[in-house]
Amino acid sequence: MYKVYKPSIVKFALNLWPPFWGAGIKIVTISDDFRFVRIKLKLRWWNKNANRTQYGGSIFSLTDPVYSLMLMGILGQEYFVWDKQANINFIQPGDSDLTADFVISEQCIEEIKQVTKSGDKYFPSFTVNVLNGRGELVSQVERTLYVRKKPEYRTESNAIS
């Protein structure tokens with residue numbers, strides 16, 4: 001799988017993925033190194049709530065697999081990467097198309113590699129801001145991931161656990 005895990009293929013596949021496509025979510029860009037992703041959520045009649053603004057579930061879905069997929073692209077097949085936990089804070093109604101930028105720093109990547117090299121679990125946390133068409137904050141989503149090096153790639157000191 002990791003041989004075809006390229007940004008352009010991931011972008012194409014996610015833009016056809018029914019949970020994204022049906023919700024009006026579109027990957028706008030994925031950097032070649034997986035460290036930056038921009039996503040857009042269109043305001044359409046089928047994802048409006050009773051108040052005629054963005055449905056909260058669509059806003060939450062906008063952020064769902066993104067950090068996990070980014071880390072899978074960055075770390076490769078040596079690691080397990082899963083979403084573990086998420087929290088959303090709705091700041092104001094989403095009355096237009098929404099965008100979110102996802103960024104993973106080099107410092108974060110190095111920290112993950114350092115902590116997990118012997119097989120320890122690590123739970124990095126990321127916060128993403130979801131903005132409306134005027135650049136105003138609509139919601140903030142905190143996502144916590146589970147990252148662990150696969151047994152066959154761990155260093156010898158802790159490989160038997």
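FYI, side chains are in, hydrogens and waters are out, and symmetry mates aren't considered; it's all heavy atoms of this structure.
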Student: Taking the six-membered ring for Trp, are Phe80 and Tyr146 closer than 6.0 Å centroid to centroid?
Tutor: no
Student: Is there a side-chain contact between Thr29 and Val37 in this structure, where contact means two heavy atoms from C-beta onward sitting under 4.5 Å apart?
Tutor: no
Student: Could I get the full list of salt bridge (Lys or Arg N to Asp or Glu O under 4.0 Å) partners for Lys40, not counting sequence neighbours?
Tutor: Asp97
Student: Met70 and Phe36: which non-hydrogen atoms are nearest, and at how many Å?
Tutor: CE-N, 3.8 Å
Student: Tell me which donor-acceptor pairs under 3.5 Å the side chains of residues 17-28 have, and how far apart each pair is, sequence neighbours excluded?
Tutor:
none

Student: Restricting to side-chain hydrogen bond (donor to acceptor under 3.5 Å, both in side chains), what partner residues turn up for Ser31, sequence neighbours left out?
Tutor: Asp33
Student: Mind checking side-chain contact (heavy atoms from CB on, under 4.5 Å) for Ala13 and listing every partner two or more places apart, or none if nothing turns up?
Tutor: none
Student: Identify the heavy atoms of Val81 and Ser68 that sit nearest to each other, and give their distance.
Tutor: CG1-O, 3.7 Å
Student: Compare every heavy atom of Asn51 with every heavy atom of Asn49, then report the nearest pair and how far apart it is.
Tutor: OD1-N, 2.8 Å
Student: Going from CG on Asp64 to OH on Tyr67, what distance comes out if it is rounded to the nearest 0.5 angstrom?
Tutor: 13.0 Å
Student: Please report the shortest heavy-atom distance between Asn47 and Gln54, naming the atom on each side.
Tutor: ND2-OE1, 3.4 Å
Student: Specify the closest pair of heavy atoms between Pro93 and Thr53, including all atoms of both residues, with the distance to one decimal.
Tutor: CB-CG2, 3.8 Å
Student: Report the residues that fulfil ring pair (Phe, Tyr, Trp, His ring centres under 6.0 Å) with Phe12, sequence neighbours left out, ordered by chain and then residue number.
Tutor: none
Student: Kindly compute the distance separating CG (Leu98) from CD1 (Ile59), expressed to the nearest 0.5 Å.
Tutor: 5.5 Å
Student: Identify every side-chain donor-acceptor pair in residues 123-138 under 3.5 Å, counting partners at least two apart or on other chains, and give the distances.
Tutor:
from   : atom 1 : to     : atom 2 : distance (Å)
Ser125 : OG     : Glu142 : OE2    : 2.7
Asn129 : OD1    : Gln140 : NE2    : 3.0
Asn132 : OD1    : Arg134 : N      : 2.9
Asn132 : OD1    : Gly135 : N      : 3.1
Asn132 : OD1    : Glu136 : N      : 2.9
Asn132 : ND2    : Glu136 : OE1    : 2.8
Arg134 : NE     : Glu136 : OE1    : 3.2
Arg134 : NH1    : Asp95  : OD1    : 3.4
Arg134 : NH2    : Asp95  : OD1    : 3.1
Arg134 : NH2    : Asp95  : OD2    : 3.3
Arg134 : NH2    : Glu136 : OE1    : 3.2

Student: Among Lys150, Arg154, Lys149, which one satisfies salt bridge (charged side-chain N to carboxylate O under 4.0 Å, His left out) with Glu78?
Tutor: Lys149
